[in-house]
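The structure appears below as structure tokens.
Starting from 1, each residue takes its place in the sequence as its number. Numbering of ligands and ligand atoms starts at 1, following listing order.
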Amino acid sequence: MWHLVTILAVVSVAHGGQELGFKQDWWESALIYQIYTRSFLDTDGDGVGDIRGIISRLEYLKELNVDAICLSPIYKSPQIDFGFDVSDFYSVHSDYGSNEEFEELVREAQKLNIKVLLDFVPNHTSNESDWFQKAVGRDEYYFDWYVWAEGYLDNVGHRRPPNNWISMFKKSAWEFVPNRGQYYLHQFAKNQPDLNYRNPVVVDEMKNIIKFWLEKGVAGMKMSAVNHLLEVDKDSFGGRFPDEPKTGKVGLDGDDYKYLNHIYTKDLKESYDMVSQFREVFDSITLRDNMTRLLLTEASTTNIKNLVKYYGEGNNFGSQIPVNFALMEDFRKESDARDLKFVVDRWMTYKPANKPANWMSGNHDKARVASRLRPGLVDAFNMLVLLLPGVAMTYMGEEIGMPNGDVSWAQTKDQLACNTDDPINYVAVTRDGSRTPYQWNSERTAGFTKGHETWLPVGDSYETINAESQHSAAQSHYLVYRSLSLLRKRPAFRAGRFESQALTRDVFAFKRWYQDDTYVVVMNLGRSLNVVNLTTFDLVFGQLEVEASSALSSRSINDNVNANSLDLAADEALVLRMMV
Ligand code: GLC
């Protein structure tokens with residue numbers, strides 16, 4: 001089905017005739033593809049994606065020149081938060097397959113030189129985990145594995161939680177357990193009790209789990225919610241966890257996470273120290289077999305200084321990649337080219353000069369570009385993610401411009417949406433739309449399963465937007481993506497210098513150059529024709545050649561354009577190379 005041979009032939013001429021003058025480690029300019037396992041491909045007909053499905057599509061990923069795949073959590077889990085509520089970190093969830101099948105995936109991917117990364121969930125477990133059940137039963141060993149606290153009785157005799165802390169999933173972050181007679185902390189859903197990282201036994205166990213997977217040849221891990229790992233030490237506050245201050249933001253009710261300023265539960269210095277300890281485990285495995293283990297950290301925080309601290313400083317080793325949410329969070333429907341320049345330059349400015357940047361335009365928590373922004377911007381955003389300096393991360397489906405699927409209230413599975421108890425307004429928060437099955441072809445269920453049911457409905461767009469039709473079309477998002485994935489192998493994109501400009505309110509452009517090989521990537525984010533002058537980039541020659549163009553552009557590869565007057569249709573995006 002996927003014609004690997006032709007693609008490999010193209011790769012050999014794709015380096016623009018230049019080699020990098022220095023060595024780069026495998027991850028430093030890697031293209032990482034995030035797979036939401038549950039929704040990628042189902043091979044056993046139960047309507048849920050599985051590891052065999054990934055194995056059977058490795059060649060598809062190779063064609064996209066993916067260096068590594070990162071799988072959303074595959075561990076055993078009651079699936080309340082779809083794998084982010086782990087009940088056994090050592091086993092693959094049976095819906096997805098077995099540990100043996102996972103090992104087979106690592107081996108098969110290795111044959112194609114694709115590395116396998118895992119999402120890891122260090123902050124909490126499922127309340128159905130053995131550890132938690134034992135802690136509830138006051139088992140001596142597990143007694144302090146979670147964050148427990150006493151409530152109090154108010155003046156009318158009602159039991160109240162220990163303090164005012166609020167969960168990311170709304171309402172109190174404390175849940176009472178009658179059997180134990182105490183409250184436990186959950187910064188996410190109540191089925192996700194927070195682990196107690198002040199207990200060294202817990203820290204050791206989490207390190208053992210990391211080793212367990214990395215020793216299987218896993219090339220790295222993306223750790224979510226690392227800035228929530230530790231809360232303040234209650235002993236420093238007379239044995240009681242202190243209330244968090246209110247933000248004073250208007251229009252929020254007391255159940256809303258943003259109602260409080262999370263000074264005692266988020267971004268604590270000890271959480272950075274914990275990441276550094278994890279990094280030491282990664283590096284110890286790297287030393288053994290010489291394959292760098294990659295640590296990616298996800299910390300949702302609005303403070304960029306807190307975020308880039310995860311790159312490490314001083315004695316703190318940090319992670320190689322603090323995941324950059326900026327293209328996803330800070331560029332919105334109403335944003336223009338100036339906003340984009342600001343968002344891109346901000347990361348380049350704050351990140352340490354000697355560390356690679358990283359870019360992504362979507363993940364399993366956010367609407368894809370076609371829905372969050374508009375379908376016309378799909379190629380432009382893939383150009384940004386793949387051609388800006390550093391590591392590129394693509395959420396499955398972005399390469400074909402998949403829009404979000406529609407999921408009715410009755411079909412809703414996401415706990416965040418269910419917690420709203422609101423059959424109308426759940427649409428504002430639901431994450432189900434970006435998790436509907438991957439659209440492989442125009443057959444029933446979009447080729448996702450041979451079974452009759454799918455765990456979430458297939459998006460309505462599958463008959464026109466699917467991988468197979470885009471593979472054989474004359475022009476498509478898929479073909480644009482594939483040409484970008486080849487271009488990014490050239491030295492100018494892997495290691496070249498970078499400069500950005502907002503040429504007009506609508507047109508964003510950036511230049512990448514390495515020695516005498518110079519490119520300008522230019523995109524019209526507006527709704528009307530713009531004429532721009534690219535000579536402000538200080539180009540030695542005024543003629544440029546088209547290397548890639550957005551699917552609806554009237555320009556083709558090898559067309560020539562003049563730098564001093566370039567007309568760009570609405571949504572048109574081009575990769576241009578300076579002719580010498
Ligand atoms: C991460 C995941 C999100 C999950 C949360 C709680 O932020 O991306 O999907 O709900 O962790 O585990």
* Check each atom of ligand 1 against the heavy atoms of Phe188 and keep those under 4.0 Å away; list them by number with element. => 5 (C), 6 (C)
* Asked: Taking heavy atoms and a distance under 4.0 Å, where does Phe84 meet ligand 1: side chain, backbone, both or neither?
  -> both
* **For atom 12 (O) of ligand 1, the protein heavy atom that lies nearest, with its residue and separation** => His124 NE2, 2.9 Å
* To do: List every atom of ligand 1 that sits less than 4.0 Å from any heavy atom of Arg435, numbering the atoms from 1 in the order shown and giving each element.
  => 9 (O)
* Structure fact -> Counting from 1 in the order shown, the ligand 1 atoms closer than 4.0 Å to a non-hydrogen atom of His364 are 2 (C), 3 (C), 8 (O), 9 (O)
* To do: Among all protein heavy atoms, pick the one closest to atom 10 (O) of ligand 1 and tell me residue, atom and distance.
  => Asp81 OD2, 2.6 Å
* To do: Quick one: look at Phe169 and ligand 1, take heavy-atom pairs under 4.0 Å, and tell me if it's side chain, backbone, both or neither.
  => side chain
* Closest approach of any protein heavy atom to atom 1 (C) of ligand 1, naming residue and atom -> Ser224 CB, 3.7 Å
* Is the closest side-chain heavy-atom distance between Trp409 and Thr420 below 4.5 Å? -> yes
* Asked: Which word best sums up how the rings of Tyr60 and Tyr438 line up, parallel for under 30°, tilted for 30 to 60°, or perpendicular for over 60°?
  -> perpendicular
* Please state which protein non-hydrogen atom is closest to atom 7 (O) of ligand 1 and give its distance, to 0.1 Å? -> Asp365 OD2, 4.0 Å
* Asked: Would Arg57 count as a cation-pi partner of Trp440, with NZ or CZ less than 6.0 Å from the six-membered ring centre and within 45° of the ring normal?
  -> yes
* To do: With heavy atoms only and a cut-off of under 4.0 Å, state how Arg431 meets ligand 1: side chain, backbone, both or neither.
  => side chain
* Evaluate the ring planes of Trp148 and Tyr184, with Trp represented by its six-membered ring, and classify them as parallel (under 30°), tilted (30 to 60°) or perpendicular (over 60°). => perpendicular
* **Ring center gap for Tyr257 and His262 short of 6.0 angstrom** => yes
* To do: Specify whether Tyr197 and Phe278 have parallel, tilted or perpendicular ring planes, treating 30° as the upper limit for parallel and 60° as the lower limit for perpendicular.
  => perpendicular
* Phe82 and its ring-ring contact (aromatic ring centres under 6.0 Å, His included) partner, picked from Tyr96, Tyr36, Trp455, Tyr75 -> Trp455
